[in-house]
Structure formats: C-alpha cells, structure tokens
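Order of the sequence lines sets the chain letters (A, B, ...), proteins ahead of strands, with each chain counted from 1. Just so it is clear, the structure is predicted and the values come from calculations on it, not from any experiment. The analysis underlying the following values was restricted to heavy atoms, covering all of them including side chains, and did not include hydrogens, waters or symmetry mates.
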Number of protein chains: 2
Amino acid sequence: MKGKATSFDIAHYAGVSQSTVSRALRNSPLVNEETRRRVHDIAKQLNYKVDKNASNLRTQQSSTLALLLFEDPTADGSQINPFFLAMLGSITRACATEGYDLLVSFQSTSADWQADYEDSHRADGIILLGYGDYIDYQAKFSSLIEQNTKFVCWGASVDNRSDLTVSCDNYGGGELAATHLLKASRKDCAFIGDASEHSPEFFARYQGFKDEFNRHGISLSERKMANAISTEESGYHATRSLIANNIHFNSLFAASDLIAIGAIRALKEAGIKVPEDVHVVGFDNIAVASYVNPPLTTVQQDTTLAGQMLVGNLLKLIRGEVVENTLLPPSLIIRGSSF
Amino acid sequence: MKGKATSFDIAHYAGVSQSTVSRALRNSPLVNEETRRRVHDIAKQLNYKVDKNASNLRTQQSSTLALLLFEDPTADGSQINPFFLAMLGSITRACATEGYDLLVSFQSTSADWQADYEDSHRADGIILLGYGDYIDYQAKFSSLIEQNTKFVCWGASVDNRSDLTVSCDNYGGGELAATHLLKASRKDCAFIGDASEHSPEFFARYQGFKDEFNRHGISLSERKMANAISTEESGYHATRSLIANNIHFNSLFAASDLIAIGAIRALKEAGIKVPEDVHVVGFDNIAVASYVNPPLTTVQQDTTLAGQMLVGNLLKLIRGEVVENTLLPPSLIIRGSSF
DNA sequence: CTGAAAGCGCTTACAG
DNA sequence: CTGAAAGCGCTTACAG
C-alpha cells in the first residue's frame, strides 16, 4: 500500500462499507460486535490512524487547545520565566489527561500578537499565560470576546465583564508575606516590583501586603518601593538603586522569586546580610528558590492545580457549561532568607 | 453573519469566485493586484482566517511539528527537568520562526508511548527529546522508521542506520570537564550518573572524561562511580551512598547539573566542603547552576542552537533534503564549585 | 487573469 | 445493524 491507509482501505479489507468502518472505529453501539472487532484488527494491522484534519473539518472542532505564553519583551530573550515553564508543564499534563493536544506559542508582548488559533480552527480554545500586563491589549481582548472566542486567562482579569480567569489569590499571598515579616518584627520593609495597574498580579500582592501592614498600624513608605519586571536582573538593579539612595530597611518583599533572587544578589554585594540584616520573601516558589543562598522564603502558587483549573475551566467554557472565575489559595514556604 | 466566515462569504462580497479568493489570499501571482487587495480587505473586515483543517486536508500537510518529551518515570512527577524546559523554549521559538506550530506532548517512558502525530496528520514531523534511554523502545523506533515517519532525536542515536540525531558533543564535554579537574590536580575523581548503554548521553560524557584521565595515566576507579538518574534526589542519594561506604575522592563529575546539585547537598551534609575538599563539575548549565551555593562549574550545552538545529534538520528531512547528524560543541563554564 | 469542478478523508443524517 | 450520499472548507488542475 502506498501512502497512509484510509477508512476506505479498511472497508475494502473488512468487506464492509466505509461508513461502518467509521462507526466501528468510534465504537458506535450501532455496530455489530464482531464487525467492530474485525475493523479494529485490520486498522491496527494497517497502522491506520484517523486523519485529524478530515475529522476536525467534518466535526468542526479540533480537540486541541492553544497556549499563548506572553513574555515581557525586556526580559532576557533566552530564558523563559521558570514559573511559566512550570505552568506549561502542568497545563500539558492536564491537556493530556483530558484527551486534548496542546499547541504552544510564545508571544512577545512587544510584537503584534495573534490569537487566530480558534478562528483558523486549529484550537477549540485558548489559554493566556503571562504576568498580566494586559492593559495595552484591551482592544484585542475585546475583539476576542466579541468574536466569541473561547479563552481563559491566567492571573488577572482582562475585561471584568466577560472574560474568564484563573488566578492565585495574590492579595491573600501578600497578606501571608506581611504576617510572616510582622511576626519577626521586621516592620521596616521594602517592596520590589511593579505595583501598578500594568501588573495586576504584582499590584494585588502589594495591596494585600500593604493592607496587612496597615492593619498593624504600619504604613509602607513609597520611598522604599522600587519598580521591577520579573527578572533577576531587574530585581538586582532595583535593589541596587534603593541601596545607592541610602534607603534603609530590614525586610524586603519581592513581587516574584526572580526579583527576590536578584535582590539578594544586590544586598550581598553591598555587604548587607540576608537574613541577619534583611529578611527577604519572594513569590511563586520556583524550583530555584530552595537552592539559592540562603534558601528563599516565598509564597507558593500551586502550579499543578492551576494547570488543571485552566484546562478544566476552558473545556467547560467550550462545552457551554457555567464557569466561574477561580481563585487558588497560596501558601507560605518558610526558608532561610527570613529567619 | 453567523459562525465563522468562509472563503465563499468573501467571494460573495468581493464579487469574484471562491477560487479567486483562495488564490488572492495565498498571494498567487495569477491574481490581479486590485482584486487581490480587495479580497484581503474584505477578509480582514470579516476577520476571516483560513480553516487549517480544510487546507491541511487538501494539501496533506499540517505546518505543525510535534514535540514528544520523554520523562524518566522515576523522576518527580511535578518537576520537569529544567534543561528540557529550556530546550522546549528554544524549539518553540525556532518553530515560530519557521512558520510552524508546535504540538507538545509529555510521554512517560513507563507507559506505552504513542507517536501517531504524523499518522493522524496532526504533525508533519516529530522531535524526540529525553535523556536518551531509547533502548527499550527500539522496536517502536524501528516501526517509525519503517513507516517513513519523519523524526529527529535529541541526544543519542536510536538506530544508527536510519534515524537523524542532533546532540551535544557529550564525549567532548566529558573531556572538557576532565581537563579542568586535571589542571587543578584533582585527580581522585568520583563519577555520578548512569554510565550504561541505557543513558547514551551520560555514557558518552563518562567515556570522554575517563579517556582524558587515561591519557594522563590516571584510571578512574569503578568503586568511585555511583548510579543516578537526572534528578537532584537521585544525585543526593548516590553521593550519600559513596560517602557511607567510606569512598574518598577530591573531585566529582556529575552527568548532569541536577545530579551535581544533589551531590553538593550530600557532601555539605557530610561536612565535606565544596570546593575545598571536593571540586564539583556538572553538565548542562541549567539556569539554577549559577544560583546554587557554591555556584556550579558545568559543561554548557547551547540550547538555543540545539532548538534551531532540531527544527531546521527536521524541516529539511520533511522537504526531502539531505540532512546529516549534527554534533554541537559544548563549552566549560567555570564557577565557584571548582576553584 | 478568472471560474467551474473535483477531491482531500472523514462523520452522520437518512433510508433501509 | 448497514450502506449510499452529502458535505465540512479549502487548493489546484483544467478550461477558458
């Protein structure tokens, strides 16, 4: 036989019609058991696999989800944020469990990104993953919603009316970090990260943190905040600039682990000891966090559960079921950087 | 308009035939420039995207590559080896550059893995990524080759006759590590990793290392070798067992960075100082390597180039061009664990 | 430069 | 339980 076998080839060998082959392969109850078995046997012998393009075209669905991974354009080109890599892993697993394929696409937020995976029938739905600087893309998102594209966002709501979100309880995570530092009386705290509406996740972490401090009658100083995107490099420079400006603090909350790791490097370089002089708390609990020196105390996000919820909710949305925004509980992992 | 627009809708609005629309959208030179422009405008207005299922079915190709990521079943389920994650990133980028989509699938080597992406026309070719324990799967690979499936393997040759491989020069990398340790007169060396035909990459690293030692008149002791798969945990336990057996050494070469990191933990725990008492060299240069304490000396694999070569070679294979096995040069990154 | 028509390989309503 | 037939939305050889 030349080329791949088709259902017609099987029909020929099985002595039935192609329709019956199709039914048999899909285990339709309409088909006689013996016929079903014969068809399956022949299919196996011929190494037949249903042509996905044909079946997708016919059924108008793809059994595929697309993952768009948004990266900060200023981040180091070669390194992808390990937190998202972990998410990618859990999303892939969750897709496999549900019998879906996963199409992965990195999107540089600087470029004109494209989400035509559903329009072109390559995917039934889209998962958006990134540190949530979705503001600039509001227009694009609106059109996604208008076109009734099925998608779910990680981290932050894009358009509070109509999109679906799965996120960590970033506000609650900020509170956890604050409670921890307050317990150790490390009340003079710096914050590193972009606490603006451009980084809704970072902003929520900061808010929870700040509110908890406020409840203890302590207000965080604006002067002790430094802007940073989620890279080690950026955390390093932000912390350096605080030090260079003679800003003092005895604890530091970083909006992400990468930032925290960069901050620790800057502190060490300046002769400031962690944790003796400054307690440091990060966010994410990436794999590296336990290996840095000192090991990093951090607010953990459950990536396995996150992946399952993203995929699960998206599939519900595709099936037309009712879905609600999901908030996942964070947990504090205490390590050497804060005691 | 209900549902997605089709080329017939555009034809209707543009006042031309559907054939012309198809040609215009594909920028066929046969089409009148003004017609072409009009069709494109209308397509944009209707937010039309070519249905990939239909075009793939028609052209019998998918513009998609599949990446099968093999994991060691004994590895921690949640954590994916960071080296492969880095490869995944560079492969995704390389695919995007070439205009291909990437389908990602994790395969547990314990389970009966499937490579029907090409058979089912979901992908034009397959990339296999893993630490190369392909021996048990020889039969499966043979059938892939028989069925003329287009695939390229990372790391190690599967079937020396007919498959295509891109790999790091693991042997040369082993030599680099040996040369480095010999220069510091750390001649009493332990090796951690599976140096058997089940891990061809690890085996080659060990061979290069051993041969370089031999050229200096030093033979490595079998007693100073311990088996480990590529996890921190496994490296930790392997090293612990050496220590428990009172095996002495003043340097340690680990088959991967994760193993090396676990080894360092075991050494520290036993009160053995790195690098003072034992110099440690790893392999891969994963992101963590520079953050551990002490920072890890390691043999770097160029993942960016690796991704480009895997994708590039696979596409050549698909196009029927001549392709040869590719060996990428490693480089030594010297850090605090070895001086 | 354009159009009518065939056909890629399936799934499924319809008829028996 | 089975078969003949329509049709998913394209691409492209063929005819003009």
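- Considering CG of B/L88 and OG1 of B/T92, their distance stands at 4.5 Å, rounded to 0.5 Å.
- Comparing the same atom, C1', in C/dT12 and in C/dG16 gives a spacing of 16 Å after rounding to whole Å.
- Summarising the geometry of B/S167 relative to B/G155, their closest heavy-atom pair is CB-O, 3.2 Å, with the distance given to 0.1 Å.
- Of the side-chain N and O atoms in A/S22, one or more sit less than 4.0 angstrom from OP1 or OP2 of C/dT11.
- Using P as the reference atom, C/dG9 and C/dA13 are 23 Å apart when rounded to the nearest Å.
- Taking the nucleotide of DNA chain C with the nearest heavy atom to each of A/A54 and B/Q18, the more 5' of the two is matched to B/Q18.
- Per the geometry, CG belonging to A/N53 stands 15 Å off C1' belonging to C/dG7, to the nearest Å.
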**OP:** Evaluate the side-chain contact (heavy atoms from CB on, under 4.5 Å) criterion for residues B/M87 and B/L310: first the C-alpha distance (whole Å), next the side-chain angles of each, then the deciding distance (0.1 Å), finally the verdict.
**Re:** CA-CA 10 Å; B/M87 289 289 287; B/L310 283 167; 3.7 Å; yes
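- A donor atom on one side chain and an acceptor atom on the other are not found under 3.5 Å apart for B/R26 and B/S28.
- Counting to the nearest Å, the P atom of C/dT11 and the CG atom of A/N56 are 10 Å from each other.
- Side-chain N/O atoms of A/R58 and base N/O atoms of D/dG9 include no donor-acceptor pair closer than 3.5 Å.
- Side-chain N/O atoms of B/S17 include one lying less than 4.0 angstrom from OP1 or OP2 on C/dG3.
- Atom CD1 of B/I91 sits about 10.0 Å away from atom CG of B/L314, to the nearest 0.5 Å.
- The distance between atom NE2 of A/H12 and atom P of C/dG9, rounded to the nearest whole Å, is 16 Å.
- When the C1' atom of C/dG9 is taken as reference, atom CD of B/Q61 falls 16 Å away, rounded to whole Å.
- Going from atom CE of B/M309 over to atom OG1 of B/T165 covers 12.0 Å, rounded to the nearest 0.5 Å.
- Rounded to a whole Å, the CG atom of A/D51 is 6 Å from the P atom of C/dC10.
- When the nucleotides D/dC10, C/dC10, C/dG9 are ranked by their closest atom to the side chain of A/Y48, C/dC10 comes out on top.
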Original post:
So what is the 5' to 3' dot-bracket string for DNA chain C, if pairs are Watson-Crick or G-U wobble with both distances under 3.5 Å, crossing pairs use [ ] and | means the partner sits on another strand?
Top reply: |||.||||||||.|||
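- Look at NZ on A/K52: it is 21 Å from P on D/dC8, rounded to the nearest Å.
- Atom CG of B/D9 is separated from atom C1' of D/dC8 by 14 Å (rounded to the nearest Å).
- Within the 4.0 Å cut-off from OP1 or OP2 of D/dC10, at least one side-chain nitrogen or oxygen of B/S7 is found.
- Taking side-chain N and O atoms only, B/Q60 has a distance below 4.0 Å to OP1 or OP2 of C/dG9.
- One atom, CG of B/N27, and another, C1' of D/dT11, lie 15 Å apart when rounded to the nearest Å.
- Position along DNA chain D of the nearest nucleotide to B/L57 versus B/R23 favours B/L57 as the more 5'-ward residue.
- Of the charged side-chain nitrogens involved, at least one lies within less than 4.0 Å of a carboxylate oxygen, so that B/E33 and B/R36 count as a salt-bridged pair.
- Residue B/R26 has a polar side-chain atom (N or O) positioned under 4.0 Å from OP1 or OP2 of D/dT11.
- Remark: B/T20 is not in phosphate contact with C/dC1, judged by side-chain N or O atoms under 4.0 Å from OP1 or OP2.
- Within the nucleic acid shown, A/S19 comes within 4.0 Å of at least one base atom, counting heavy atoms only.
- Rounding to the nearest 0.5 Å gives a distance of 10.5 Å between CG of A/L68 and CZ of A/F151.
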